Amino acid sequence: MAQKVKTAITPTREEDYPEWYQQVVRASDMAERSPVRGCMVIKPWGYALWENIQREMDDMFKATGVKNAYFPLFIPLSFLEKEAEHVEGFAKECAVVTHHRLEKGAEGGLVPGGRLTEPLVVRPTSETIIGDAFSKWVSSYRDLPLLINQWANVVRWEMRTRIFLRTSEFLWQEGHTAHATAEEALERTTMMLEVYARMAEHFLAIPVIKGSKTAAERFPGAVDTQCIESMMQDCKALQAGTSHFLGQNFAKASNIRFQSKEEEEVYAWTTSWGSSTRLIGGVIMTHADDDGLILPPRVAPAQIVLLPIAHKETDRAKVDAYVDGLAADLGKVAYSGRPLRVEVDRRDIGGARGWDWIKKGVPLRVEIGPRDIANNAVFVGRRDKPHKEKIAMPREQFVNEVGAVLDEIQNHLFERARTFREENTRQMDDYEAFRDYFTPRNREKPEIHGGFALSHWCGSDACENKIKEDLTVTIRCIPFDAPKEKGRCICCGEESSRRVVFAKAY
RNA sequence: CGGGACAUGGCUCAGUCUGGUAGAGCACAGCGUUCGGGACGCUGGGGUCGCAGGUUCAAAUCCUGCUGUCCCGACCA
C-alpha cells in the first residue's frame, strides 16, 4: 500500500477541490470571511498581493495615457434606469439605500429613519455616474479622448459567494473612456484587454485566451465584450478581466455629445474595462498545490524569506548579523523593476516556521545557520519544487543570481499552467464525445473532469442555450486567434467558420 | 432564489439516536528538554454547544421558527 504523503493542506485538490481552495486561503492568511454576508476581510498578506497587482496595472494604464479619478459610491436610482439593457443586467442584484438616519426603535435597538426621496444604489459598476460626469466634461472633439480609471469597491448582491472569486463587495478598477470615433474606441477596448493579458501572463503567470464574448454573455449594454479566459486546476474557466466596447449606447443614455471638427453635434463612443480582486482567486487556483499557496515572484508580497537558525545562544549574535547583512544586500537588488522584497522571520517556533512560509507561497525560503556562515553560503528552498529539495549556494552567487532564479520560478509557473491547460483542451466535433467530456461519472460527488473544448458553433442563441441547459457548459469566448476553418456546429450541425471555447465556468 | 448537507473553544471534529449540568487532537501561554526541524514532557487559559421560543425537575441532545455556512443549480467579475 502506498503511504499517503502528508500535505500541509487537507483535503487535497483531488479529494475535494472547493474545500481545498478554502483551506489554501486560510492557510495562506490572505483573507477570511467577515460577519457580513458574502463579504470578506482581506488580511495584510492578501492585501499586499492586491497592492502589487494594483501598482503594476496602474503603471500600465498610465503608460497608455489613462488618468485616475474617483466617483461616488452611491448612484441615484434614476441613473441606472437610463440604459435599457443595463437595467436588465443589473437591476436585480444591487444594494439599495433608502434611508439616511438611524432612530431609536420602540423596542430599543435602531431602526432606519428619514426616507430618501430617491433611493441610492450602491454602485455595481459606474458607467452611469461616470457617464454623467463625462457629459459635462466633453463638449468638443478637442476634449477627446477622455481616458479615466478609478480604483474602487463595488457591490453586487450575489446569490452564491466564494472568497476572492465572487463576493458581494469586491475591490476592482474600472476604466472608462470616451472617443470621437468607433475605430478609436474599439482600438482602446483591445488595448486595455492587452494590458489585462499582460497582467495575467507576465505578472501572475496565468496563461489566458483572448477573445470576444457571445451576445448572450456580453456586458449589458455593450456592443462587444472582450475578455481573457484562463483555466483553473479543476479545469473550469475563470474570466480574469473584461474590456467593453459600448458603442454609443451609454453616450446616448448619458448624453455625452461633442462638436466634431466638421461642426456637427455627435455622440461619443465609449469603452469600459475592469478587473478585480478575483485575480487573486485566479492566482490561487492556477498555482497553489497541496501544500498551499504558490506566488508568482513578480507580485509576491515577499519574494524571499530569510530564516535564521541559531540554537545555541552563542551563535545567535553572529547569525543575526549575517542575516541582517544579507537582507540589506538583497534589498539593494532590483527585480522586475522594483526593489526585492525580503522578509526575515526570527520566530522560535521550530519547523512550523518554514511551513508557514510554504503555505503563504513565498517563492524562496533561505535558511541560514552557523554551518552556512562558516562556508559563507545560504541554504535555499524553492516553492515550485518539493519542500525537501533544498540546495546550498555561495552567498555571493545567491545575491547575484537571485533575480534569475526568481524569473526561473516565474516562468516555470507559467509553463506549468500552460501545459496543464493544453493537456485539458481538446478539439471536439462529436456531440456524444462532447457530452461525455463534460459529464462527471459520479453525480453525487463530481470528480475533476472536462476542460476546454474547442468546437464549432453556428452562432445561434438556441444552440448556445441548449448546451448550457444540458451540460452547464458555456461559450467562454470566441478567440481572436482562432484560425478560419470550415466545420459544423457541435450542436445543430449547421455550417460554422471557426471554433469557440466551451467550458464550465466560475 | 430552488435542492442537499451542516452549525459544539482559534481550527478539525466526537458527544445528539437513548435528555442528567461539555470532551479530544491541533493551535495558544509558561517552564524544561530537544531541534538544519511541521519535536517532546509537564502545567495552564479559553466554549451561556448559531439565534429565539417551546416541552421537561433537568436540553448541546427532543419539538417549532429563524439565521448563517458549504456543495449542486439559476444569476454573475
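Predicted, not measured: the structure shown is a model, and the values here were computed from it. Here is the naming used below: chain letters follow the sequence lines, and residue numbers restart at 1 for every chain.
Side-chain atoms of A/Thr12 and A/Glu14 include no donor-acceptor pair closer than 3.5 Å.
Considering only residues two or more places apart in sequence or on other chains, A/Thr98 meets the side chain to side chain donor-acceptor pair (under 3.5 Å) condition with none of them. Every residue was checked against the ring pair (Phe, Tyr, Trp, His ring centres under 6.0 Å) condition with A/Tyr21, not counting sequence neighbours, and none meets it.
The CE atom of A/Met285 sits 12 Å away from the C1' atom of B/A77 (whole-angstrom rounding). Atom CD of A/Gln22 is separated from atom P of B/C11 by 13 Å (rounded to the nearest Å). Put simply, CH2 on A/Trp20 is 14 Å from P on B/C71, counting in whole angstrom units. The CD1 atom of A/Ile349 sits 17 Å away from the C1' atom of B/C40 (whole-angstrom rounding). Separating the CZ atom of A/Arg26 from the P atom of B/A27 is a distance of 14 Å, rounded to the nearest angstrom. One can place NZ of A/Lys318 at 15 Å from C1' of B/G36, the figure rounded to the nearest angstrom. The separation between A/Phe219 atom CZ and B/C75 atom P is 17 Å, rounded to whole Å.
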message = Does A/Phe434 form a ring pair (Phe, Tyr, Trp, His ring centres under 6.0 Å) with A/Tyr437? I'd like the steps, not just the answer.
response = CA-CA 5 Å; A/Phe434 185 88; A/Tyr437 188 56; 7.6 Å; no

task = Take A/Arg346 and A/Asp324, measure what salt bridge (Lys or Arg N to Asp or Glu O under 4.0 Å) needs, and give me the verdict at the end.
result = CA-CA 11 Å; A/Arg346 298 180 203 274; A/Asp324 286 343; 2.5 Å; yes

key: Derivation and outcome, salt bridge (Lys or Arg N to Asp or Glu O under 4.0 Å), residues A/Asp356 and A/Arg347   = CA-CA 11 Å; A/Asp356 252 24; A/Arg347 291 176 299 164; 3.0 Å; yes

ask   = What do the steps show when you test A/Trp355 against A/His387 for ring pair (Phe, Tyr, Trp, His ring centres under 6.0 Å), and what is the final call?
value = CA-CA 9 Å; A/Trp355 279 101; A/His387 67 88; 4.4 Å; yes

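Within residues 361-379 of chain A, the residues that place at least one heavy atom under 4.0 Å from RNA chain B are, in residue-number order, A/Glu367, A/Gly369, A/Pro370, A/Arg371, A/Asp372, A/Phe379. Of the residues in residues 191-205 of chain A, none lies under 4.0 Å from RNA chain B by heavy-atom distance. For RNA chain B, the residues of residues 167-175 of chain A within the heavy-atom distance limit of 4.0 Å (strictly under) are A/Thr167, A/Phe170, sorted by number. Contacts between residues 35-46 of chain A and RNA chain B, counted as heavy-atom distances below 4.0 Å, involve A/Arg37, A/Gly38.
Of the residues near RNA chain B, A/Pro308 and A/Thr161, the one whose nearest nucleotide (by heavy atom distance) lies more toward the 5' end is A/Pro308. Projected onto RNA chain B by closest heavy-atom contact, A/Leu165 and A/Ile9 fall at different nucleotides, the more 5' of which corresponds to A/Ile9.
Using a 4.0 Å cut-off between charged side-chain N and carboxylate O, A/Glu32 and A/Arg26 make no salt bridge. The pair A/Asp345-A/Arg353 does not count as a salt bridge, with every side-chain nitrogen at least 4.0 angstrom from each carboxylate oxygen.
Here A/Glu158 lies in heavy-atom contact (under 4.0 Å) with a base.
Out of B/C70, B/G37, B/A77, the shortest distance to the side chain of A/Lys390 is found at B/G37. Of the candidates B/A77, B/G37, B/C76, B/G37 carries the atom nearest the A/Arg353 side chain, counting heavy atoms from C-beta on.
Here A/Phe164 and A/Trp50 keep their ring centres 6.0 angstrom or further from each other.
The C1' atoms of B/G30 and B/C11 are separated by 22 Å, rounded to the nearest whole Å. Comparing the C1' positions of B/C13 and B/A7 gives a spacing of 12 Å, expressed to the nearest Å.
A/Trp151 places no side-chain N or O within 3.5 Å of a backbone atom of A/Asp58 that could act as its donor or acceptor partner.
Residue A/Val24 forms a side-chain contact (heavy atoms from CB on, under 4.5 Å) with just one option from A/Asp290, A/Asp291, A/Leu293, and that option is A/Leu293.
A sub-4.0 Å separation between OP1 or OP2 of B/C75 and a side-chain N or O of A/Lys468 is present. For the pair A/Arg162 and B/C71, the criterion of a side-chain N or O lying under 4.0 Å from OP1 or OP2 is met.
Between A/Phe250 and A/Phe219, the ring planes lie parallel to each other; the angle is under 30°, not in the 30° to 60° tilted range.
The closest side-chain heavy-atom distance from A/Ser168 to A/Arg37 is not below 4.5 Å.
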